[in-house]
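What follows is a set of notes on a single structure, which appears directly below.
Here, residue 1 is the first one in the sequence, and each next residue gets the next number. Below, each value reflects all heavy atoms present in this structure, side chains not excepted, and no hydrogens, waters or symmetry copies.
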Amino acid sequence: MTVDSVESAESAEPAELVELVETAGPIDVRTLTRVLFERLAELPPQAPEREQVRAALIEVNIPLVRYAATRFRSRNEPMEDVVQVGTIGLINAIDRFDPDRGVQFPTYALPTILGEIKRYFRDNVRTMHVPRRLQELWVQVSGAMEELTVTHGRTPKVPEIAANLRIPEEDVRACLDAGRAYNAASLEAAQEHEGGLALLDRLGYEDSALTDVEHRDMVRHLLVQLPERERRIVILRFFANLTQSQISNELGMSQMHVSRLLSRILTRLRTGNSWDE
């Protein structure tokens with residue numbers, strides 16, 4: 001920021017401050033912010049000019065909000081919406097900032113802006129409930145991912161993130177899943193990589209034969225206990241759907257004998273008793 005720019009800000013009327021911020025060009029934002037806060041402190045609490053100085057403070061620090069918003073570019077949320085939410089945090093920071101504490105305003109404001117954006121994602125964006133513990137841990141995981149990406153020049157692996165944060169790998173995987181739980185895909189939405197089929201078209205269906213699994217397993221267990229001839233009779237009758245007459249011809253015995261054997265076999269199978277010769 002040039003000396004002329006500082007002097008212009010110091011001597012400008014409140015109504016001229018917004019125009020000065022918009023036309024100043026590449027200036028030292030920290031210096032201009034300090035000057036604006038000094039002007040704000042000079043004005044009485046009820047002075048109408050305070051709103052103009054406050055508006056100038058908001059305008060000059062919008063780049064700080066945009067910088068904070070870029071941290072959330074992977075959330076698939078419109079960036080302008082994130083900036084608007086971050087601006088609320090900036091306004092809150094301006095209203096609460098005390099220059100006498102000796103802290104630079106950007107240092108004070110950035111956590112407030114980030115907190116407002118994170119609260120927005122936590123309370124308004126997620127379409128699925130994620131436990132608060134994972135939401136808070138996700139902040140640490142995402143920060144570690146950014147740091148390790150810069151350090152290694154690539155996306156970090158789960159063990160690397162876990163080692164960096166000293167947490168179990170299972171927690172990292174859970175956080176990565178939770179971090180993606182912002183938008184739910186429609187079951188009827190077409191999937192381009194699946195040839196245009198909707199997710200609903202690719203879901204499985206309930207197999208009506210599932211209810212018979214236990215019955216089939218029990219029958220199989222009982223059948224192996226039958227002598228070979230009796231087991232064959234059961235298979236021919238109930239699996240090959242032959243009549244008693246056809247079974248008698250197949251095995252070379254009378255139909256009456258086949259009928260008695262079937263009755264005896266079924267009694268044994270129903271009671272679950274082993275076969276007695």
Side-chain angles (χ1 to χ4, degrees), residues 74-76 125-135 137-138 141 145 154-163 165 167-277:
S74 63
R75 301 290 181 86
N76 297 322
V125 176
R126 292 183 185 272
T127 56
M128 292 169 280
H129 174 72
V130 174
R132 176 63 62 85
R133 183 184 71 86
L134 287 181
Q135 293 183 31
L137 191 57
W138 166 246
V141 170
M145 289 176 64
R154 58 173 174 79
T155 302
K157 299 178 180 178
V158 170
E160 295 171 336
I161 300 172
L165 296 176
I167 61 176
E169 293 183 16
E170 293 75 12
D171 287 353
V172 175
R173 293 189 180 93
C175 281
L176 293 176
D177 290 338
R180 304 184 187 103
Y182 285 94
N183 297 292
S186 171
L187 292 177
E188 298 181 353
Q191 308 290 315
E192 294 183 2
H193 60 282
E194 295 290 343
L197 290 176
L199 181 60
L200 186 63
D201 297 329
R202 297 185 288 110
L203 291 178
Y205 59 91
E206 184 176 349
D207 189 347
S208 59
L210 285 176
T211 56
D212 297 329
V213 169
E214 293 185 2
H215 295 160
R216 290 197 301 269
D217 185 67
M218 181 179 65
V219 170
R220 184 181 300 108
H221 173 71
L222 294 173
L223 283 177
V224 297
Q225 300 181 45
L226 295 176
E228 182 179 353
R229 184 182 65 172
E230 284 68 22
R231 183 166 58 249
R232 188 178 179 191
I233 290 174
V234 173
I235 293 173
L236 291 174
R237 178 67 185 92
F238 297 102
F239 293 88
N241 293 322
L242 298 185
T243 64
Q244 293 184 10
S245 177
Q246 291 171 325
I247 295 174
S248 65
N249 293 333
E250 178 76 18
L251 299 181
M253 62 179 65
S254 68
Q255 181 178 342
M256 183 67 69
H257 189 40
V258 171
S259 178
R260 287 197 299 267
L261 285 174
L262 273 174
S263 178
R264 182 183 176 193
I265 293 168
L266 293 178
T267 299
R268 294 290 182 177
L269 291 177
R270 290 191 183 100
T271 59
N273 293 332
S274 59
W275 183 263
D276 292 330
E277 289 290 348

*How many angstroms lie between atom NE2 of H257 and atom CD1 of I247, to the nearest 0.5 angstrom?*
12.5 Å
*Quick one: CD1 on I167 to SG on C175, what's the gap to the nearest 0.5 Å?*
6.0 Å
*Roughly how far apart are F238 CZ and L266 CG, rounded to 0.5 Å?*
4.5 Å
*So, do L176 and M145 sit near enough that their side-chain heavy atoms are less than 4.5 Å apart?*
yes
*Distance (rounded to the nearest 0.5 Å) between Q246 CD and L236 CG*: 9.5 Å
*So, are E228 and R232 salt-bridged, with charged N and O less than 4.0 Å apart?*
no
*asked:* Working to the nearest 0.5 angstrom, can you tell me the gap between E230 CD and L262 CG?
replied: 9.5 Å
*Do the side chains of R260 and M256 get nearer than 4.5 Å, heavy atoms only?*
yes
_Heavy-atom pair with the smallest gap, counting every atom of S248 and S254_ = CB-C, 3.8 Å
*Under 3.5 Å, is there a donor-acceptor pair between the side chain of S259 and the main chain of Q255?*
no
*Under the criterion side chain to side chain contact (heavy atoms under 4.5 Å, CB included), which of V172, V141, I161 is the partner of P156?*
I161
*What is the minimum heavy-atom distance between V224 and R231, and which atoms define it?*
O-NH1, 3.8 Å
*Looking at CG of L137 and CG of L165, how far apart are the two atoms once the value is rounded to the nearest 0.5 Å?*
7.0 Å
